[in-house]
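Worksheet: one structure, shown below.
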Protein chains: 2
Amino acid sequence: MKMKRSGGGGAFSRTTLHGQEHVIAERKRREKLSQRFIALSSIIPGLTKLDKASVLGDTIKYLKQLEERVKILEEEVATRTVESAIFAKKPSLQRGDSVVSFSSYDPLIDQQLPEVEARVSGKNVLIKVQCEKCEGCIKEVMKQMEEMNLTTLNISVLAFGSSLLDVTIVAQIENENCLTIEEIVEKLRHALIIFIGSSSRRSAC
Amino acid sequence: MKMKRSGGGGAFSRTTLHGQEHVIAERKRREKLSQRFIALSSIIPGLTKLDKASVLGDTIKYLKQLEERVKILEEEVATRTVESAIFAKKPSLQRGDSVVSFSSYDPLIDQQLPEVEARVSGKNVLIKVQCEKCEGCIKEVMKQMEEMNLTTLNISVLAFGSSLLDVTIVAQIENENCLTIEEIVEKLRHALIIFIGSSSRRSAC
DNA sequence: CCAGACACGTGATGC
DNA sequence: TGCATCACGTGTCTG
């Protein structure tokens with residue numbers, strides 16, 4: 001780190017026959033260590049002090065920071081990979097690399113409402129629901145969202161026609177969530193069918 | 001790294017008055033450095049030798065390796081994000097009971113955005129648009145609505161992902177309007193394509 | 001002057 | 001016996 005100086009406690013005492021070689025070896029060792037320190041400090045960004053201690057400390061900090069970043073990025077990539085897997089499974093629904101959508105509409109089953117559709121982009125999921133205007137159905141949807149570990153970022157409820165409700169939700173997929181997009185759609189749809197069924201039997205809705 | 005030993009060249013020579021304090025301070029400095037080394041070696045994986053030199057060397061290697069990984073992952077994420085913005089497609093259409101719906105999605109035409117969907121129930125029309133987040137596109141949509149004699153009852157604009165917009169509109173069909181649902185969809189989609197095209201050519205959008 | 005940081009030579013230790 | 005590594009005390013320099 002600095003210039004070599006004349007040397008400190010160097011008397012000529014040779015307690016061993018090869019005292020000089022020992023000195024040389026130690027010099028070499030120190031030189032190696034010093035070079036490593038220089039090399040290390042050259043790749044650590046944002047170094048203010050060039051202390052050995054500070055270099056080590058900042059190295060530790062930078063390392064942890066890098067590992068954290070890698071972890072986050074890996075999670076992100078993993079999420080996208082899951083989407084790709086879904087996409088590969090259901091090529092008939094959607095083409096495109098990483099945006100996947102899935103709808104509960106099934107031409108064989110002629111039950112049209114509630115209709116649920118979901119689409120994923122990164123950590124966001126766009127959920128669209130169309131159902132009969134029915135008191136409490138929004139609450140039911142939100143309950144399901146909570147159970148699925150989906151954090152609602154925005155929700156819009158529009159009345160459409162005299163008896164229809166159009167619900168659009170943008171939510172964030174939490175890390176603990178390992179549901180597929182199909183599972184999200186099916187869970188929501190099933191919950192709504194149950195809810196509306198029992199609700200319409202009880203009251204005029 | 002090892003046990004403390006009795007000490008090396010320690011004669012009792014005090015050239016300064018505070019020679020002892022100097023010794024103490026140096027001890028402290030060494031102790032700090034030593035702890036940093038221990039801390040560092042505890043977070044570097046796959047350490048075989050516990051040499052100071054080896055610890056530093058492996059730290060440098062691990063650091064470069066981590067940075068490389070971060071770089072690769074960042075590229076990956078960036079790529080996927082762009083793909084997300086570009087590829088977004090709609091599953092097949094839906095038909096409802098007395099509800100008629102029509103979507104602009106055409107599997108033969110490989111242009112996915114903007115995606116426009118409309119659905120009619122009585123005198124109400126539900127319009128859904130997904131397009132790139134682009135300043136002025138909402139205004140463009142509203143302009144088209146006015147031209148088509150559609151009275152907006154409610155509109156919701158949600159950001160979805162990093163660069164997508166999801167727009168849901170409930171509008172009332174005025175009596176003078178004699179457009180078919182297909183015409184509504186096509187007019188909106190055409191206008192958006194023109195608008196976004198010219199907009200992205202003019203600026204960064 | 002002094003508080004902190006270094007490099008040096010040296011004795012000790014483990015393989 | 002060597003050989004490599006370590007911790008120590010010390011002299012010296014810097015801000």
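A note on names: the letters A, B, ... follow the listed sequences, proteins ahead of strands, and every chain is numbered from 1.
- Between Lys52(B) and dA7(D) there is a side-chain polar atom (N or O) within less than 4.0 angstrom of OP1 or OP2.
- Listed pair Arg30(A) / dG9(C) meets the phosphate criterion, a side-chain N or O lying under 4.0 Å from OP1 or OP2.
- For the pair Leu50(A) CG and dA5(C) P, the interatomic distance rounds to 12 Å; values are reported in whole Å.
- Contact annotation: Ser34(A) does not reach the phosphate of dC6(C) (side-chain N/O to OP1 or OP2, under 4.0 Å).
- Judged by distance alone, with hydrogens and angles left aside, the side-chain atoms of Arg189(A) form a donor-acceptor pair with the main-chain N or O of Pro114(A) at under 3.5 Å.
- An OP1 or OP2 oxygen of dA4(D) is reached within less than 4.0 angstrom by no side-chain nitrogen or oxygen of Lys32(A).
- On a pure distance criterion of 3.5 Å, a polar donor-acceptor pair joins the side chain of Glu26(A) and the base of dC6(D).
- Each of Val23(B) and Ser54(B) was assigned the nucleotide of DNA chain D with the nearest heavy atom; the assignment lying further toward the 5' end belongs to Ser54(B).
- Atom-to-atom, CG of Leu33(B) to C1' of dT5(D) comes out at 16 Å; the value is rounded to the nearest Å.
- Separating the CZ atom of Arg29(A) from the P atom of dC8(D) is a distance of 13 Å, rounded to the nearest angstrom.
- Atom-to-atom, CD1 of Ile38(B) to C1' of dA7(D) comes out at 13 Å; the value is rounded to the nearest Å.
- Remark: P of dT13(C) and NE2 of His22(A) are 13 Å apart, rounded to the nearest angstrom.
- At least one donor-acceptor pair closer than 3.5 Å links the side chain of Arg36(B) to the backbone N or O of Ala53(A).
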Glu67(A) and Tyr62(B): CA distance, side-chain angles, deciding distance, side-chain hydrogen bond (donor to acceptor under 3.5 Å, both in side chains) verdict:
CA-CA 11 Å; Glu67(A) 281 177 338; Tyr62(B) 184 56; 2.6 Å; yes
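- Between dA7(C) and Arg27(A), no contact under 4.0 Å exists linking OP1 or OP2 to a side-chain N or O.
- Straight-line distance from the NZ atom of Lys28(B) to the P atom of dG9(D): 15 Å, rounded to whole Å.
- Between Glu31(B) atom CD and dC6(D) atom P there is a gap of 15 Å when expressed in whole angstrom units.
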Criterion side-chain hydrogen bond (donor to acceptor under 3.5 Å, both in side chains) on Asp166(A) and Gln130(A), from CA distance to verdict:
CA-CA 5 Å; Asp166(A) 180 89; Gln130(A) 270 189 41; 3.1 Å; yes
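- Within a 6.0 Å sphere centred on CD of Glu147(A), heavy atoms belonging to other residues, nucleotides or ligands number more than 12.
- Distance, Glu21(B) CD to dT10(D) C1': 15 Å, rounded to whole Å.
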